[in-house]
Engineer: 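I am attaching a structure below and will ask some questions about it afterwards.
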Number of protein chains: 2
Amino acid sequence: MNKRKTQKQSTRENIIAAAKTIYVDKGILNTATSQIADTANIAHGTLFLHFPNKDSLIIELIDVELSKFSDNLKQLILETSDVRTILNRYLTLIQEEEGFFSTLACELPYYKRELRRQILFRQSLIREHFHQVIQQGIEQNIYAKINIPCALTFLFGTINYYLSLNKSFVQEGSVLNKFHEQIIDIFIKILQK
Amino acid sequence: MNKRKTQKQSTRENIIAAAKTIYVDKGILNTATSQIADTANIAHGTLFLHFPNKDSLIIELIDVELSKFSDNLKQLILETSDVRTILNRYLTLIQEEEGFFSTLACELPYYKRELRRQILFRQSLIREHFHQVIQQGIEQNIYAKINIPCALTFLFGTINYYLSLNKSFVQEGSVLNKFHEQIIDIFIKILQK
DNA sequence: TAACTCGGTGAGCGTGCGCTCAGCTAAAGG
DNA sequence: CCTTTAGCTGAGCGCACGCTCACCGAGTTA
């Protein structure tokens, strides 16, 4: 790899890193591309040499983050099929990037259709895995015969709600960390007979 | 009241009605004030004779709607203290203005601090009433000794989640209507022993 | 009826944002 | 060492939006 190519790649990574900082801090929809460029220490125009428009930068940024998240999740899923354990680690993974997921929760309704589709597709895969594990529990007579999709909406809806609240109303610290145990307890209660 | 005053009041009401139509349809943050004026069949400048700026129009619009909602809710609260009944009618009230509450759910994180405070204060009053009714149920040994605030967050979080989904992903009809019974059933299950 | 008041009008101002492009510099190529 | 090329620069274009203001005409007043 020659000097030019490494330089180019490094600039691109700078842009994504800067965009992520801003994303976590105050969201990206209401941030000017010029500010992203400033944060990345590049000229405004340079940004558009690496990304044809603001949307494609957002798409790449989110895709990079969600890929990391999915990879982590896949691993944990292979290790156990205990709902409490999986949920516990799922929440921990989100907490580690809580700023990111808070912004995602708030901005999701405003992304372009295609990006929203991508994000929701990834979410549906996670949902499906939870579904299978709970289904096993029901078949083994551990859990009650509940409406699984609806129970999962309670779970993901609540997490989503906490994440939006965090961004809007809590100054410091992690909301999910504070309510971690309570979320798990109530969800398990929904599953139980 | 002379002709000028009635004319002025009617114009003001036209503006709020137009703003509400747009609010329900596609939200107001991403709508130009010129379009609100078009919908109300008035000149762009007229809007700013009745409201000093866009924000104060949003504030009044939301305040009018939430007042109506609160009044309705107060009445139903006086009539019964059965959680299922109250929740049932609470959901019905939201359904009747589902478009409005969908937009509210999506836009809330982006409103100015003061407006957000107002909206959340109203929500906290509703929350408090649910809290009291459930507390009664626990004292009468009908329900388990659960963490009430956390249970309520599951409820409101889920409703909020359904509302945002509705706006983004469902073309026609009411999401809350479709899942009305399931929401009630699962919430009651959380309360039960 | 003449003078005055006041709600309404809409062209246009200021600003901010996404994005472009002519020009520059330094690395790559011969 | 000279030419070519790739990556970067930043002034500035076009547009959209919130908001203003000089002007108009109908309603009110005396």
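In what follows, every chain begins at residue 1, and chains take the letters A, B, ... in the order their sequences are listed. What you see is a predicted model, and the numbers here were worked out from it, not measured in a lab. Basis for what follows: all heavy atoms, side chains included, without hydrogens, waters or symmetry-related copies.
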Engineer: To the nearest Å, give me how far apart NZ (A:Lys8) and P (C:dT25) are.
Structural biologist: 21 Å
Engineer: Would you mind reading off the distance between A:Leu49 atom CG and C:dC24 atom P, rounded to a whole angstrom?
Structural biologist: 17 Å
Engineer: Heavy-atom count around A:Lys193 NZ within 6.0 Å, excluding the residue itself: above 12?
Structural biologist: yes
Engineer: Across the strands shown, which category fits A:Ile42 at heavy-atom distances under 4.0 angstrom: base, sugar-phosphate, nothing?
Structural biologist: sugar-phosphate
Engineer: Within less than 4.0 Å of OP1 or OP2 of C:dC17, is there a side-chain N or O belonging to A:Thr33?
Structural biologist: no
Engineer: Could you state the atom-to-atom distance from NZ of A:Lys54 to C1' of C:dG16 in whole Å?
Structural biologist: 12 Å
Engineer: How are the rings of B:Phe130 and B:Tyr90 set to each other: parallel, tilted or perpendicular (split at 30° and 60°)?
Structural biologist: perpendicular
Engineer: Start with the C-alpha distance between B:Ser174 and B:Asn177, add both sets of side-chain angles, then the distance that settles side-chain hydrogen bond (donor to acceptor under 3.5 Å, both in side chains), and finish with yes or no.
Structural biologist: CA-CA 5 Å; B:Ser174 158; B:Asn177 182 44; 5.3 Å; no
Engineer: What is the distance, rounded to the nearest whole Å, between atom CG of B:Asn14 and atom P of C:dG8?
Structural biologist: 10 Å
Engineer: What is the distance from NE2 of A:His50 to C1' of C:dC19, rounded to the nearest Å?
Structural biologist: 15 Å
Engineer: Is the count of non-hydrogen atoms from other residues, nucleotides or ligands lying under 6.0 Å from A:Lys26 atom NZ greater than 12?
Structural biologist: yes
Engineer: Please determine if a side-chain N or O atom of B:Ser34 lies less than 4.0 Å away from the OP1 or OP2 oxygen of D:dG18.
Structural biologist: no
Engineer: Would you indicate what B:Thr31 reaches in the nucleic acid, counting non-hydrogen atoms under 4.0 angstrom: base, sugar-phosphate, or nothing?
Structural biologist: sugar-phosphate
Engineer: State whether A:Thr11 places a side-chain N or O below 4.0 Å from either non-bridging phosphate oxygen (OP1 or OP2) of D:dC8.
Structural biologist: yes
Engineer: Separation of A:Phe48 atom CZ from C:dC17 atom P, in whole Å?
Structural biologist: 12 Å
Engineer: Ignoring hydrogens and angles, are the base of D:dG7 and the side chain of A:Arg4 linked by a donor-acceptor pair under 3.5 Å?
Structural biologist: no
Engineer: Using OP1 and OP2 only, check whether a side-chain N or O of A:His44 sits under 4.0 Å from C:dC17.
Structural biologist: no
Engineer: Nearest whole Å is fine: how far is D:dA6 P from A:Arg12 CZ?
Structural biologist: 18 Å
Engineer: Provide, to the nearest angstrom, the distance between the NZ atom belonging to B:Lys5 and the C1' atom belonging to D:dG27.
Structural biologist: 13 Å
Engineer: For A:Thr46 and for A:Ala32, find the nucleotide of DNA chain C with the closest heavy atom, then tell me which residue's nucleotide is more 5'.
Structural biologist: A:Ala32
Engineer: Could you tell me if the side chain of A:Gln135 sits less than 4.5 Å from the side chain of A:His131, heavy atoms only?
Structural biologist: yes
